[in-house]
Amino acid sequence: MDWMVWTLPSALFFTTIALILVGMTVWEVVQPSTFRRGLLPLKTTRGDRLFIALLSSAWFHLGWLGLTDQPVWYMTIFCVIWLAAVLRWG
Amino acid sequence: MSLVLEGVSKLVEGEHHIYPTDLTLERGTMNVLLGPTLSGKTTLMRIMAGLDVPATGRVLWEGRDVTGMKVQDRKVAMVYQQFINYPSMTVYDNIASPLKLMGVSKSEIDKRVKDAAALMQLTPMLDRRPLELSGGQQQRCALARALVKNAGLVLLDEPLANLDYKLREELRAEIPRIFEESGAIFVYATTEPEEALLLGGNVGTMWEGRITQFGPTPKVYREPCDATTARVFSDPPMNFTRIEKTGDKISFGEGQSAPAQGALAGLADGVYTAGFRPDHLHLSAQGADGLHFQCHLNVTEITGSETFAHLSHGPDHWVGLLHGVQDLTLDAPIEVWLDVAHVYVFDEQGKLVAPAAFAMAA
Amino acid sequence: MERTKKIGLIVYILFLMIPIYWLINLSLQPNRDIMGSFSLYPQNLTFDNYRRIFTEAGWARGYLNSLIYVLMNTVISITVALPAAYAFSRYKFIGDKHLFFWLLTNRMAPPAVFLLPFFQLYQTVGIFDMHIAVALAHCLFSIPLAVWILEGFMSGVPKEIDETAYIDGYSFPRFFVFIFIPLIRSGIGVAVFFCFMFSWVELLLARTLTSVDARPISVVMTRSISATGVDWGMLAAAGVLTLIPGALVIYFVRNNLARGFALGRV
Amino acid sequence: MNKVENNRAWFLVLPVLLLVAFSAVIPLMTVVNYSIQDILDPHTRFFVGDEWFREMLRDSQLQSALGRQLIFSFSVLAIQIPLGIAIALCMPTRGIWVAISLVLVALPLLVPWNVVGTIWQLFARGDIGLLGVTLNSIGIEYNYTRGSTAAWFTVLAMDVWHWTSLVVLLCYSGLRAIPDAYYQAARIDGASRIAVFRYIQLPRLAGVLTIAVLLRFMDSFMIYAEPFVLTGGGPGSSTTFLSQHLATMAIAQFDVSRAAAFSLIYFLIILAISWVFYTIITRATKD
Amino acid sequence: MAKITLDNLAHSYFPEPKGEEDYALKQLDHVWNDGEAYALLGASGCGKSTLLNIISGLLVPSRGRILFNDKDVTEQDTVARNIAQVFQFPVVYDTMTVGANLAFPLRNRRMEPAYVARRVQKIASMIGMEDMLERKARGLTADAKQKISLGRGMVREDVNAILFDEPLTVIDPHMKWELRTQLKALHNEFGHTMIYVTHDQTEALTFADKVVVMHDGKVVQLGTPEELFDTPEHTFVGYFIGSPGMNLIDADVSGDKAICAGHEVTLGGRYKPMSGRVQIGIRPEFVSITSQDQGLPVTVKRVEDVGRHQILRAEFEGRQINAILPEGLPIPAAPIRMKFAPERISVYVNDWRVAPDEVTATPSKEVVL
């Protein structure tokens with residue numbers, strides 16, 4: 001495993017993603033989701049919204065890093081809110 | 001031996017395909033599920049077969065709960081509307097396959113396959129593959145495969161719907177015969193009232209996920225418990241019109257009225273729906289109490305032995321089934337007669353409140 | 001209308017064939033003809049270029065290596081893709097749609113950087129320079145496509161056949177092997193074609209994950225060419241030689257391919 | 001077909017999942033790890049956080065490589081998808097010509113990628129190549145090793161030669177799935193050839209086109225071996241696409257961390273564009 | 001609108017047909033009169049769809065000519081023939097709205113937009129889809145789609161003929177009634193020449209003015225529903241029309257008497273002496289039961305209560321004889337005899353009907369059961 005050059009932040013990152021996936025799966029088993037139309041311009045399921053939120057978060061981070069010199073944490077905090085918002089209202 | 005459904009229901013994406021249903025089918029009975037497409041016939045049969053698990057309720061087979069049991073472990077056979085056979089096997093192997101899996105001896109398999117093939121008139125085709133056969137032969141192959149295993153429950157899901165009219169007629173006459181020999185529970189789904197009548201036995205009429213009535217076929221036909229059942233179990237469709245009861249008179253509009261006798265006498269005053277079958281409309285007076293209506297004749301359809309007259313009566317569209325070939329003037333007024341004894345009366349909820357007198361007499 | 005179509009197709013096929021013809025043409029000429037006189041056909045027909053290639057060591061071995069890992073890849077891909085495709089075609093389950101898109105995303109990893117962890121991963125599990133390493137790596141490309149193609153063919157088989165078989169008493173594996181697979185034979189043919197194709201033509205991963213024992217044909221070829229400098233005739237001959245297995249494969253599966261495509265389930 | 005809900009279907013998908021996850025997820029995680037560290041040698045490394053990302057996002061060379069890449073990929077789609085559909089429409093539908101056409105059309109797909117480069121090198125060179133010599137002899141200045149436009153077009157032509165057949169095969173199959181009754185109905189309705197294409201054939205191709213567009217987009221976005229052999233990225237950097245840039249960074253300069261950061265950016269670009277294609281095409285065929 | 005003439009037509013799917021059996025459609029000469037509604041009735045594989053496709057121009061016949069209003073159109077393509085056709089399975093343009101689907105044949109012929117809109121409205125109200133015009137056709141149920149197909153077939157007023165190829169196969173029984181009646185009403189209103197292919201006798205008989213019964217690539221009888229029912233020219237017609245079909249019993253006929261296995265049956269006419277296989281045919285509708293000492297003794301096999309009447313299935317000398325009896329009529333379990341209405345008996349020699357020399361009994365118009 002040494003060659004994988006793990007660091008604490010990346011380990012935390014992947015653990016979080018894995019936990020989110022597990023959580024979503026459990027949620028889906030307990031309460032299956034159906035297609036719905038929210039603020040996003042297409043009909044989505046919960047899983048679709050998660051994917052959209054994660055992918056857009058990644059892009060927001062890239063935009064932040066490319067366009068400003070501010071610490072990346074600001075964006076991360078925003079993205080957590082963003083994620084919740086997309087899941088709730090998207 | 002019996003099959004019992006207890007409060008069985010099926011939900012798909014939050015919608016009821018089957019509302020909670022109770023049903024008991026006894027050994028050696030022919031049971032027809034009659035209803036239009038999407039009324040839930042197939043879903044109900046799939047639950048009986050164990051292909052689908054009900055959302056609620058239990059399925060009991062010979063008193064044992066089999067609700068979650070795998071299909072492989074159940075003694076059922078099923079024939080679909082599509083001609084389903086194993087295309088890569090010969091007809092012989094197709095018919096033999098359930099027996100092979102049951103571990104029946106070679107000679108026994110051979111005997112039973114040949115018997116079933118003879119019954120289904122497939123003997124000359126045993127070495128061919130299903131796709132080389134005509135539609136009727138393919139379906140007979142599927143029927144043979146379903147019958148050969150002597151299952152306790154045989155499910156036939158509109159097995160004749162994709163066949164030619166005449167072929168259908170022949171197999172339809174064949175099926176009751178086969179059924180009588182097998183002693184199993186037969187369940188037969190169909191959209192056609194005539195087919196249900198020809199098969200006899202019991203009928204369960206289905207409408208939007210509910211069994212509206214279940215009982216011996218002629219009884220359900222003559223005493224439908226509500227307007228929905230009457231509509232489902234009528235081809236040509238049943239005619240309906242609005243009537244009003246005041247005192248001892250039933251008014252049909254147009255100054256036509258009849259004395260409220262028999263079951264009609266007990267009804268409270270009010271507005272009801274009258275229903276009568278097309279073959280009870282006549283071109284000449286029927287009895288002393290006959291009602292007669294001034295209608296407008298739109299179209300006639302002549303079959304050679306019968307004439308269907310499509311009539312307008314006020315807001316109602318009626319069909320009259322007249323015997324013989326009638327030479328009638330189209331798009332013109334016409335007078336038709338109806339015997340009160342043939343009238344069913346339904347209340348506002350569609351429940352039958354007064355059955356037709358003739359049906360009770362029969 | 002029919003005429004225009006024919007002409008269109010012929011023009012396209014000519015466009016495909018002319019570069020290949022040119023390759024063959026050059027491979028049959030001595031180097032001085034190639035450089036000296038421009039000619040549409042070999043004026044001094046020679047098989048020298050081929051002879052020189054065949055006298056070098058490692059050629060047969062290279063062919064064999066390539067074929068081994070391609071076959072391994074095809075077998076693995078189809079074996080695991082069959083049940084997966086069945087699941088996609090017959091059942092709804094949590095995350096089914098996302099799963100398929102995720103499978104596709106695995107084609108998106110830019111190889112240049114991913115080569116290093118690949119190399120290290122396979123070395124760690126001890127399969128570096130073995131055929132299976134290349135086969136497994138190529139599964140990333142071939143499995144998504146195989147799943148997708150097979151799913152299409154399976155959806156064309158009515159699910160009532162499955163149910164009839166279960167009612168008849170077939171267990172799932174038995175039904176799958178004896179009834180279902182024969183029904184989608186042409187689909188498997190098409191899937192095999194695509195698996196073969198993507199594994200046979202890939203070079204980067206194959207080169208990185210092998211060194212000596214499992215070295216593929218294209219690596220053997222590039223090395224021997226660069227050793228002798230720019231030798232156009234030999235380069236062309238080597239090119240022709242790598243075309244042959246592919247051409248043979250499509251020739252042999254052509255009828256399957258035609259039948260599979262004719263079902264229109266891809 | 002109405003599918004049965006059954007989460008046990010996961011067991012059938014499991015082999016694929018494990019196999020692919022093994023070869024895909026572990027390397028991906030490693031690349032993420034690379035990208036946030038400065039790795040001097042296997043035992044000396046420092047956590048640097050977002051530094052490489054910031055640097056890569058502002059790197060003008062990479063930006064121009066990305067621009068070239070986008071133009072190239074969209075040109076590839078713009079040419080190959082319509083051309084592939086057109087050729088698929090021209091393919092015979094019965095008789096022995098079906099098999100023959102399929103074999104000939106599929107042939108370029110089975111050429112190893114570096115050999116594709118070789119073939120086009122030999123075909124397009126100004127001194128010994130049929131194309132180069134012909135073009136020069138009719139008075140067109142053509143030398144793909146010197147003119148950057150010529151090089152660019154040669155790479156594009158090569159990609160069209162190599163990959164259009166994939167689109168053809170997929171579309172051909174999609175077209176064969178259309179029942180004859182549709183064509184008959186269209187004839188009776190008096191539909192023009194264009195209307196038949198627009199209302200009957202194109203809607204039925206949506207499924208195969210999704211895959212064709214995705215495959216072509218992803219693969220063209222990562223094109224490496226063919227231009228490497230043909231032009232080596234030159235002249236100048238006119239045909240240096242992203243993969244090659246990355247390879248130079250990662251292999252030649254052994255700057256694995258920067259390259260990893262860039263790979264991830266690159267990956268996100270492909271992911272986003274692919275997802276948009278996927279969503280547009282699959283949604284367009286619904287409701 | 002047009003008169004359609006089939007002149008010496010035959011078709012084989014083989015490029016070089018060898019014998020009679022290679023022909024899907026054998027020798028055919030026939031005129032379809034302008035403005036009449038025809039049904040083409042036969043079992044699957046009898047050649048009826050082949051004939052339909054030849055008329056619509058989707059298929060070029062191996063032999064013979066087709067004339068529209070005396071103009072040879074054999075070589076003309078579908079568009080030039082100006083006909084409409086509705087197929088067995090619904091063909092809708094998925095990506096278009098219901099309205100655009102209905103308008104498609106008109107727009108392709110560059111009709112005035114105002115006219116197109118008017119026409120679409122009319123057809124939509126006829127098939128009961130006015131409130132769905134803006135909806136995409138994708139995802140509709142099979143019968144909704146088939147209604148669109150029917151609507152598209154009828155949207156053009158100027159067609160030479162409208163052809164229907166088993167159009168109600170996928171439709172529920174109740175809806176069949178409605179659509180068939182609408183087709184019939186439409187025919188009465190516009191007077192298009194209509195040809196309706198089906199294997200369902202009820203559909204054929206109720207829809208058509210004239211029914212063409214096909215068997216094994218040949219036309220066996222052309223007539224009004226009444227003629228087909230009363231006087232089937234061929235035993236196939238007798239069997240095919242009517243449910244159950246005609247009862248056929250081997251007999252010796254002499255004069256106005258037939259002897260069936262020793263029992264005498266009175267016929268409705270006098271016949272010349274005849275040779276070959278002689279059968280008498282009687283429809284189940286004209287069979288009655290009697291306890292008197294006349295008619296054929298039969299054993300009852302089964303009684304089916306079909307609601308508005310009963311079907312009695314009995315056996316006579318190993319052959320099944322069916323009778324249709326009125327609702328509610330009690331049927332004795334004991335051995336009974338069956339009596340045939342003499343004027344309704346037809347005589348067949350080698351499957352073809354023989355007319356009597358002299359009619360002794362005429363059928364009454366109204367049959368009262």
Side-chain angles (χ1 to χ4, degrees), chain B residues 36-38 134-136 161-169 173 176-177 190-194 197-200 217-218 221-222 231-237 277-280 283-284 298-308 310 317 319 321-327 330-331 358 361-362, chain E residues 41-45 141-143 169-178 180-182 184-185 188 198-207 211 224-230 239-245 283 285 302 304-309 311 313 320 324 327-328 364-369:
Chain B
T37 329
L38 300 180
S134 72
N162 287 357
L163 294 176
D164 263 19
Y165 192 88
K166 272 286 154 178
L167 209 55
R168 199 146 72 193
E169 210 175 273
R177 220 189 69 213
T190 180
T191 56
E192 294 182 34
E194 204 191 333
L197 286 163
L198 281 167
L199 291 167
T217 306
Y221 182 78
R222 298 222 161 73
R231 195 179 294 123
V232 170
F233 206 164
S234 187
D235 185 38
R277 296 196 188 271
D279 48 315
H280 292 136
L283 289 179
S284 55
N298 300 320
V299 177
T300 57
E301 297 175 299
I302 298 168
T303 70
S305 58
E306 289 164 330
T307 303
F308 296 109
H310 293 261
H317 286 278
V319 181
L321 199 171
L322 312 167
H323 289 299
V325 174
Q326 306 288 344
D327 205 5
L330 296 189
D331 206 13
F358 88 101
Chain E
L41 179 64
S44 50
T141 59
D143 45 325
T169 310
V170 294
I171 309 257
D172 259 12
H174 279 79
M175 188 57 84
K176 269 185 195 167
W177 273 94
E178 217 170 280
R180 212 171 58 212
T181 317
Q182 271 167 353
K184 184 105 185 176
N188 289 342
T198 179
H199 60 83
D200 183 327
Q201 45 153 322
T202 317
E203 273 177 36
L205 296 171
T206 52
F207 172 78
V211 178
T224 62
E226 203 180 341
E227 284 164 4
L228 294 180
F229 184 79
D230 287 342
Y239 149 82
F240 204 77
I241 306 261
S243 179
R283 295 219 169 261
E285 283 83 352
R302 231 177 110 80
E304 287 160 8
D305 180 354
V306 199
R308 59 176 199 256
H309 55 242
I311 299 173
R313 299 191 190 275
Q320 182 166 308
I324 292 184
E327 183 177 6
S364 58
K365 196 74 185 166
E366 170 96 358
V367 187
V368 182
L369 288 181

Can you tell me which portion of [X] sits under 4.5 Å from chain B's heavy atoms? Options are side chain, backbone, both or neither.
| X | value |
| --- | --- |
| E/Arg283 | neither |
| E/Asp305 | both |
| E/Glu178 | neither |

Report which part of [X] has an atom under 4.5 Å of a heavy atom belonging to chain E: side chain, backbone, both, or neither.
| X | answer |
| --- | --- |
| B/Thr300 | backbone |
| B/Leu167 | neither |
| B/Asp235 | both |
| B/Ser234 | backbone |
| B/Leu321 | side chain |
| B/His280 | side chain |
| B/Glu169 | side chain |

**Message:** Under the criterion side chain to side chain contact (heavy atoms under 4.5 Å, CB included), I'd like the reasoning laid out for B/Asn298 against E/Asn188: C-alpha separation, chi angles, the key distance, then a yes or no.
**Reply:** CA-CA 10 Å; B/Asn298 300 320; E/Asn188 289 342; over 6 Å; no
**Prompt:** Checking side chain to side chain contact (heavy atoms under 4.5 Å, CB included) for the pair E/Arg308/B/Arg277: CA distance, chi angles, key distance, verdict?
**Reply:** CA-CA 9 Å; E/Arg308 59 176 199 256; B/Arg277 296 196 188 271; over 6 Å; no
**Prompt:** Distance-only, no hydrogens or angles: does the B/Asp164 side chain make a donor-acceptor pair with backbone N or O of E/His199 under 3.5 Å?
**Reply:** no
**Contact summary for E/Phe229 and B/Ser305, nearest pair of heavy atoms** = CZ-CB, 3.0 Å
**Complete:** Heavy-atom closest pair (E/Ser243 atom, B/Glu194 atom, distance to 0.1 Å) is OG-OE2, 4.4 Å
**Asked** Of the listed residues (B/Pro36, B/Gly135, B/Pro236, B/Pro176), which shares the most heavy-atom pairs with chain E below a 4.5 Å separation?
**Response** B/Pro236
**Prompt:** Which word best sums up how the rings of B/His310 and E/Trp177 line up, parallel for under 30°, tilted for 30 to 60°, or perpendicular for over 60°?
**Reply:** tilted
**Request:** Would you give the length of the straight line joining atom CG of B/Asp327 to atom CD of E/Glu226, rounded to the nearest 0.5 angstrom?
**Result:** 8.0 Å
**Message:** Can you tell me how far apart OG1 (E/Thr202) and CD (B/Glu306) are? Round to the nearest 0.5 Å.
**Reply:** 9.0 Å
**Complete:** Most contact-rich option vs chain B, by heavy-atom pairs under 4.5 angstrom, among E/Arg313, E/Arg302, E/Glu227, is E/Arg302
**Prompt:** Of the listed residues (E/Glu203, E/Lys184, E/Lys176), which shares the most heavy-atom pairs with chain B below a 4.5 Å separation?
**Reply:** E/Lys184
**Asked** Side-chain donor-acceptor pair under 3.5 Å between B/Thr191 and E/Asp172, yes or no?
**Response** no
**Asked** When E/Thr206 is tested against each of B/Ile302, B/Thr303, B/Val299 for side-chain contact (heavy atoms from CB on, under 4.5 Å), which residue passes?
**Response** B/Thr303
**Asked** What do the steps show when you test E/His309 against B/His323 for side chain to side chain contact (heavy atoms under 4.5 Å, CB included), and what is the final call?
**Response** CA-CA 12 Å; E/His309 55 242; B/His323 289 299; 5.8 Å; no
